[in-house]
Amino acid sequence: MKSKLFMAAALLLALSQSAYAQYTTHAVAHRGYWKCEGSAENSLTSLQKAHEAGCWGSELDIWLTADGRLVVNHDAHTLDGLEIEKSNFDRLTRSKLKNGENLPSLEAYLDAGKKLAPMILVLELKTQSTPERNIELARKVVDMVKAKKMEAQVEYIAFSNLVGTELIKLAPEAKVAYLNGDKTPAELKELGYTGLDYAYKVLKANPQWIDEAHLLGLTVNVWTVNKAEDLQYFIDHKADYITTNEPVLLLEMLKK
């Protein structure tokens with residue numbers, strides 16, 4: 001009996017080690033590669049620079065304007081003080097980024113990104129001010145991706161579970177990861193997510209979630225990791241993706 005139990009335990013360990021070994025870490029440029037000359041967060045230049053650096057993916061942030069259009073920006077306000085949810089598309093896309101580019105529309109971003117395939121665009125849908133706007137944002141983003149036939153080149157992330165589960169309904173074949181850090185891998189699997197995308201402090205506090213996620217078939221992304229020692233920690237722990245403001249450093253480390 002003891003022999004059989006030992007063999008079963010050994011087999012389980014071998015299978016888990018085999019599964020663990022298959023994971024390769026990929027670099028995701030946070031808001032594009034913007035810490036270089038001529039670039040800026042969420043600019044078209046940052047997207048191009050991420051591709052030139054050799055990143056697996058480039059992350060971007062999407063808002064819904066007052067008139068129901070889609071623009072790319074991280075903050076709820078533009079540099080010149082416009083509140084995105086209360087401003088119209090035409091005015092917003094005349095606002096300037098730090099590198100002098102105009103604030104981009106999602107359509108312009110997708111058009112530029114399509115030319116950079118196979119680099120993945122990681123689309124973060126920012127949480128809007130009402131549930132209705134969250135649903136509208138999810139629907140319009142998915143519709144635009146489908147219209148441009150870019151389903152295979154995008155992945156979705158969101159802090160809002162409402163947005164995340166709506167994306168799962170609208171695009172059941174898509175990869176959708178949750179950002180907020182308050183759900184276990186088992187809970188995410190039950191909801192239909194394909195991955196978790198948690199802050200590095202959350203995963204350092206719950207390191208077992210990485211293995212749990214992998215055993216459930218979920219991917220693991222971690223943000224925003226910039227220090228070499230933290231990057232190495234998540235490389236060693238087999239995170240599938242590391243989102244960073246230092247993609248060149250990460251890429252150099254991944255070559256070792």
Side-chain angles (χ1 to χ4, degrees), residues 28-34 39-48 50 57-114 120-148 150-151 153-171 174-180 197 199 221 223-224 243 245:
V28 177
H30 184 231
R31 307 175 197 168
Y33 180 26
W34 54 271
S39 193
E41 295 180 4
N42 277 313
S43 65
L44 295 180
T45 296
S46 74
L47 181 65
Q48 180 67 39
S58 187
E59 182 261 358
L60 57 138
D61 305 286
I62 306 168
W63 288 89
L64 185 70
T65 69
D67 52 346
R69 304 282 294 278
L70 302 171
V71 294
V72 176
N73 197 62
H74 177 264
D75 294 342
H77 293 78
T78 63
L79 290 179
D80 53 353
L82 297 175
E83 185 175 352
I84 294 176
E85 288 195 75
K86 294 182 179 179
S87 303
N88 288 339
F89 177 87
D90 288 346
R91 175 62 184 88
L92 287 164
T93 52
R94 294 198 303 272
S95 292
K96 299 295 183 181
L97 305 180
K98 287 185 177 180
N99 68 342
E101 288 182 33
N102 287 1
L103 185 146
S105 66
L106 178 61
E107 183 170 21
Y109 222 95
L110 291 178
D111 287 343
K114 191 171 187 178
I120 300 296
L121 303 184
V122 181
L123 310 184
E124 180 181 336
L125 279 66
K126 304 300 290 187
T127 304
Q128 306 298 293
S129 56
T130 67
E132 293 77 16
R133 286 181 62 83
N134 278 320
I135 297 297
E136 183 181 357
L137 173 65
R139 178 177 58 80
K140 287 187 172 179
V141 171
V142 170
D143 284 349
M144 185 175 288
V145 168
K146 289 180 178 178
K148 294 187 176 296
M150 291 182 67
E151 294 97 322
Q153 201 186 340
V154 305
E155 298 191 6
Y156 299 102
I157 57 176
F159 279 96
S160 165
N161 185 49
L162 173 63
V163 173
T165 52
E166 185 67 18
L167 288 167
I168 292 165
K169 293 176 190 174
L170 293 168
K175 293 182 178 180
V176 183
Y178 181 67
L179 287 164
N180 207 42
D197 190 348
N221 196 344
W223 56 271
T224 300
T243 299
N245 292 327

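Since the structure is predicted, the reported quantities are computational estimates derived from the model, not experimental observations. Sequence positions, counted from 1, serve as the residue numbers for this chain. Both backbone and side-chain heavy atoms feed into the values below; hydrogens, waters and symmetry mates do not.
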Review point. Yes or no on side-chain contact (heavy atoms from CB on, under 4.5 Å) for Leu121 and Glu155, after CA distance, side-chain angles and deciding distance?
Key: CA-CA 6 Å; Leu121 303 184; Glu155 298 191 6; over 6 Å; no

Practice item. Let me see the working for Glu166 and Arg139 under side-chain contact (heavy atoms from CB on, under 4.5 Å), right down to the final yes or no. Key: CA-CA 8 Å; Glu166 185 67 18; Arg139 178 177 58 80; 5.7 Å; no

Check your understanding: Does the side chain to side chain donor-acceptor pair (under 3.5 Å) test come out yes or no for Thr93 and Asn102, once each step is laid out?
Key -> CA-CA 6 Å; Thr93 52; Asn102 287 1; over 6 Å; no

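In this structure, Lys98 places its NZ atom where only 12 or fewer heavy-atom neighbours from other residues, nucleotides or ligands lie under 6.0 Å away. Remark: Lys140 NZ is packed, more than 12 non-hydrogen atoms of other residues, nucleotides or ligands lying under 6.0 Å away.
Considering CG of Leu79 and OG of Ser95, their distance stands at 8.0 Å, rounded to 0.5 Å. Rounded to the nearest 0.5 angstrom, Leu123 CG and Tyr109 OH are separated by 10.0 Å. Interatomic distance, CG of Asn99 versus OG of Ser43, reported as 4.5 Å (0.5 Å rounding). The distance from atom CG of Asp197 to atom CG of Asn221, rounded to the nearest 0.5 Å, is 3.5 Å. Once rounded to the nearest 0.5 Å, the distance linking OG1 of Thr165 with OH of Tyr178 reads 10.0 Å. The OG atom of Ser46 sits 9.5 Å away from atom CD of Glu59, with the distance rounded to the nearest 0.5 Å.
Screening Leu106, Asp143, Leu125, Leu110 for a side chain to side chain contact (heavy atoms under 4.5 Å, CB included) with Leu70, the sole residue that qualifies is Leu106. Each of Ile135, Thr130, Asn134 was compared with Glu132 under the side chain to side chain contact (heavy atoms under 4.5 Å, CB included) criterion, and only Thr130 meets it.
Within the 4.5 Å cutoff, the side chain of Arg69 has no heavy atoms near those of the Leu64 side chain. Looking at Pro104 and Leu97, their side chains come closer than 4.5 Å, going by heavy atoms from C-beta outward. Side chains of Val122 and Leu60 form no contact here, defined as non-hydrogen atoms less than 4.5 Å apart. The shortest distance between side-chain heavy atoms of Lys96 and Leu103 does not fall below 4.5 Å. Residues His74 and Lys126 form a side-chain contact, since some pair of their non-hydrogen atoms from C-beta on lies under 4.5 Å apart. With a 4.5 Å cut-off on side-chain heavy atoms, Ile62 and Leu137 count as touching.
Judged by distance alone, the side chains of Thr65 and Glu85 never bring a donor and an acceptor atom under 3.5 Å apart. Between the side chains of Asn42 and Asp61, a donor-acceptor pair is found at a separation under 3.5 Å. In this structure, a donor-acceptor pair under 3.5 Å is present between the side chains of Asn245 and His30.
Nearest approach of Phe89 to Val71, heavy atoms of both residues: CD1-CG1, 3.7 Å. For the residue pair Leu92 and Ile84, the shortest heavy atom distance occurs at CD1-O, 3.8 Å. When all heavy atoms of Asp80 and Arg91 are compared, the pair lying nearest together is OD2-NH2, 3.1 Å. Here the closest non-hydrogen pair linking Glu83 and Ser87 is O-OG, 2.7 Å. Taking all atoms of both residues into account, the shortest heavy-atom contact from Ala29 to Tyr33 is CB-N, 3.8 Å. Taking both residues in full, the closest heavy atoms of Ala66 and Asn88 are given as CB-OD1, 3.7 Å, listed atom of the first, atom of the second, then distance.
Contacts of Asp75 classified as salt bridge (charged side-chain N to carboxylate O under 4.0 Å, His left out), with partners at least two apart in sequence or in another chain: none.
A donor-acceptor contact shorter than 3.5 Å links the side chain of Glu101 to the backbone of Leu44. Using a distance-only test at 3.5 Å, with no hydrogens or angles considered, a donor-acceptor pair links the side chain of Gln153 to the main chain of Gly113. Formation of a donor-acceptor pair under 3.5 Å by the Tyr156 side chain with backbone atoms of Ala171 is not found in this model. A donor-acceptor contact shorter than 3.5 Å is absent between the side chain of Trp63 and the backbone of Val72.
Between Lys148 and Glu107 there is a salt bridge, since at least one side-chain N of the basic residue sits less than 4.0 Å from a carboxylate O of the acidic one.
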